[in-house]
**Q** 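Next up is a structure, given as structure tokens.
Numbered from 1 within each chain, the chains take letters A, B, ... in sequence-line order.
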Amino acid sequence: MATGTTLSAAISLGAPLGRLAILSAILIVLPLSFPNPFFFDVAVKVGLSAIVCVGLNLLSGYAGQISLGHAGFFALGAYGTALLSIKLGVHGLIAAPVIATVVGLLAHVIARPILKLKGHYLAMATLGLGIIISIVLNREIWLTGGPDGLSVPAMRLGEFKLRAIEFWYWIVAAFLIVAVWLAENLVNSPAGRSLRALHSSEIAAATAGVDVPRAKALVFAFSAVLASIAGAFFVFAERFITPADAGFLRSVEFLTMIVFGGLGSTYGALVGAAILTALPQLVAAFAEYKHVAIGIVLIATMIFMPRGIVPTLADLFGRRVGR
Amino acid sequence: MTSSIVRLRLEPMIAPQPSHRLLEIRNLSRAFGGVKAVNDVSFVVTAGRIHALIGPNGAGKTTLFNLVAGVVRPSAGQVLLDERDVTDLPTAERAQAGLQRTFQNLQTFSELTALESVMVGAHLRSEPSFLKALFNTPAIRQANAEARDRAEMLLQRVGLDTFRDSRSDAMPYGALKRLDIARALAAEPKLLLMDEPAAGLNPAETATMRDLIADIALQGVTVLLVEHDMKLVMSIAETIVVLDQGQKLAEGTPDEIRRSPEVIRAYLGGGIRRRRS
Ligand SMILES: Nc1ncnc2c1ncn2[C@@H]1O[C@H](COP(=O)(O)OP(=O)(O)O)[C@@H](O)[C@H]1O
Ligand SMILES: [Mg+2]
């Protein structure tokens, strides 16, 4: 009993920082294996997917609220930041947090009516939200450039133009670590436990004193903020965005990443984002049939590994890495 | 492991006055379609006792609990908690006002371990801030530590310390019933509504449950008990309200209820007599 208690205390207290250290070490060492800038580009895309997935996993994995619209928040962050700097000359470093705040507030406002819905209805409502954003981006050509996309000049810092993808790799990696740290903190806090509680029983959670609508609205807003920041980093690093990045299929991809990685596992979200973002970039065959492949991955995961890859492997090795 | 300081927190701060109206139900009604599940029911639960609510299946007992807890809205009538009208308050705010309940149909937090489930109950009076949680501030760390201590103590109290890190799918039914109670107690309620705590338990488990309920009341928590086990009810309840087809049939001490002509008539051909034997 005593050893059991000590062990689980060590796992629940010491391990989060340990895991964060391992993640940091991997992100620092990883570039040593990159033969050319293309790999940095892939790694940046992986990192941005991972940031979205860490937030989406808090909402869908931990709190159990499915969203099929998170690409919409990613696009709002990307286009909002780009337009604010192009049209109004606001520096990206200011535009990104301003837009993220606006997206967070917007998400918080629409969260209450949307998150009253359950299951399919919630999925449909978030789907509709994503589609609306995507339609606006396609149609309002005068503002967004329409389906052709929007080019963004490189960010300037004094005399320096921040074009190098290597630079953005380090920024994205650093922010990813921050996002994981925030998410893991939340999961192991009273607020996070409330989210995991309302996942299985909203009535019992409310009985225990959890303000269920507030909790859901906050996690929805926070996940939208992370998606928005990822979108902003995307325009900084890639300097080009199209409405396809906001589309329904992108939302499905994000959801597939966290289901594949393991719902309710932050590190699962990272693994899911890494594998499903990198594969289409690195393997041509996968890229061509990307959406078919995503569908197959989703179905296969549900059938063979319903808990996702990281929790399943973690159980296999008898550790609790994935929790 | 359980320090005396932690234990002390469960003691009532002040001895409850016997006449204090902890829960008052006034002309409460609720219909589902054509079914009048609860029909113009009024009664008072005074502080510091074990009260029972009995009646045949479908009498409206669970619906009454749902109305008191704010899970179901009444079509008429009021609920007063601690002499304050809470009829329009959401469930979570009634919890803040000192109300807890356990469920007839188990509502488990299947994503959480037993310890974490009880911690959720203990969070009622701790730091709920989302922003502070993201940054794991000292206030959050303290809330976590306090909730963990309280939850560990309560798991021990209901005899579940061996299931500390188990998930609900790995726990037997009887253990989940006690987990539900520990979760409710963690919120330090003034009033605890228990919906059929002994249902599905074997005689030994039922005896343990009886002692636990008596112990909870002894610690100063007022208990309102829904239970079909008449032996259990008659032995620990000080007052009993009888519901039948949504209406209050009788109210009184166990002896009065046993002798009440209305109750005997309603239960003729089964009911209390059969269940007592
Ligand atoms: N959510 C609901 N929807 C429709 N009918 C309900 C609902 N809850 C309870 N009822 C009905 O109300 C009546 C009382 O049920 P209930 O309160 O569960 O009784 P008890 O707990 O005394 O067995 C029953 O006829 C039941 O079918
Ligand atoms: Mg019932």
**Q** Which region of B:F135, side chain (C-beta onward) or backbone (N, CA, C, O), has a non-hydrogen atom less than 4.5 Å from a non-hydrogen atom of chain A, or is it both or neither?
**A**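 It is both, since atoms from each part get that close.
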**Q** Checking B:R101 against chain A: side chain, backbone, both or neither under 4.5 Å from a heavy atom?
**A**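 Both backbone and side chain of B:R101 come within 4.5 Å of chain A.
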**Q** Any chance you could measure A:R193, atom CZ, to B:M119, atom CE, to the nearest 0.5 Å?
**A** 3.5 Å
**Q** Of all heavy-atom pairs between B:Q96 and A:G209, which one has the smallest distance, and what is that distance?
**A** NE2-O, 4.3 Å
**Q** Could you look at B:T108 and say if it's the side chain, the backbone, both or neither that has a heavy atom under 4.5 Å from chain A?
**A**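 Only the backbone of B:T108 comes within 4.5 Å of chain A.
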**Q** So which heavy atom on A:A204 is nearest to which on B:Q107, and how close?
**A** CB-CB, 3.7 Å
**Q** Looking only at heavy atoms, what is the nearest atom pair of B:L124 and A:A208, with distance?
**A**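 Of all heavy-atom pairs spanning B:L124 and A:A208, the closest is CD1-O, 3.6 Å.
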**Q** I need the minimum non-hydrogen distance between A:S201 and B:F109, along with the two atoms involved.
**A** O-CE2, 3.9 Å
**Q** Heavy-atom cut-off 4.5 Å, strictly under: side chain, backbone, both or neither for B:V120 against chain A?
**A** both
**Q** Do A:S189 and B:N136 have side-chain heavy atoms sitting under 4.5 Å apart?
**A**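 Of all side-chain heavy-atom pairs linking B:N136 with A:S189, none is under 4.5 Å.
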**Q** Under 4.5 Å between any side-chain heavy atoms of B:L134 and A:N185, yes or no?
**A** no
**Q** Look at A:V219, A:V210, A:L186 and state which one has the largest set of heavy-atom pairs under 4.5 Å with chain B.
**A** A:L186
**Q** Is any side-chain heavy atom of A:P190 less than 4.5 Å from a side-chain heavy atom of B:N144?
**A** yes
**Q** Counting heavy atoms not belonging to A:Y121, are there more than 12 under 6.0 Å from its OH?
**A**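 No, the 6.0 Å shell around OH holds no more than 12 heavy atoms from other groups.
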**Q** Are there over 12 heavy-atom neighbours, none belonging to B:R84, within less than 6.0 Å of that residue's CZ?
**A**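 No, CZ of B:R84 has 12 or fewer neighbouring heavy atoms, counting only those of other groups under 6.0 Å.
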**Q** Side chains of B:T91 and A:I203: closer than 4.5 Å at any heavy-atom pair?
**A** no
**Q** Give, for atom CZ of A:R196 and atom OG of B:S110, the distance between the pair rounded to the nearest 0.5 Å.
**A**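 So the gap between those two atoms works out to 11.0 Å.
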**Q** Atom CZ in A:R214, atom CZ in B:F130: separation rounded to 0.5 Å?
**A**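 CZ of B:F130 is found 9.0 Å from CZ of A:R214.
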**Q** What residue, out of A:L218, A:L198, A:T207, has the most heavy-atom pairs lying under 4.5 Å from chain B?
**A**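 With the most close heavy-atom pairs to chain B, the winner is A:T207.
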**Q** Name the region of A:V212, side chain, backbone, both or neither, that has any atom closer than 4.5 Å to a heavy atom of chain B.
**A** neither
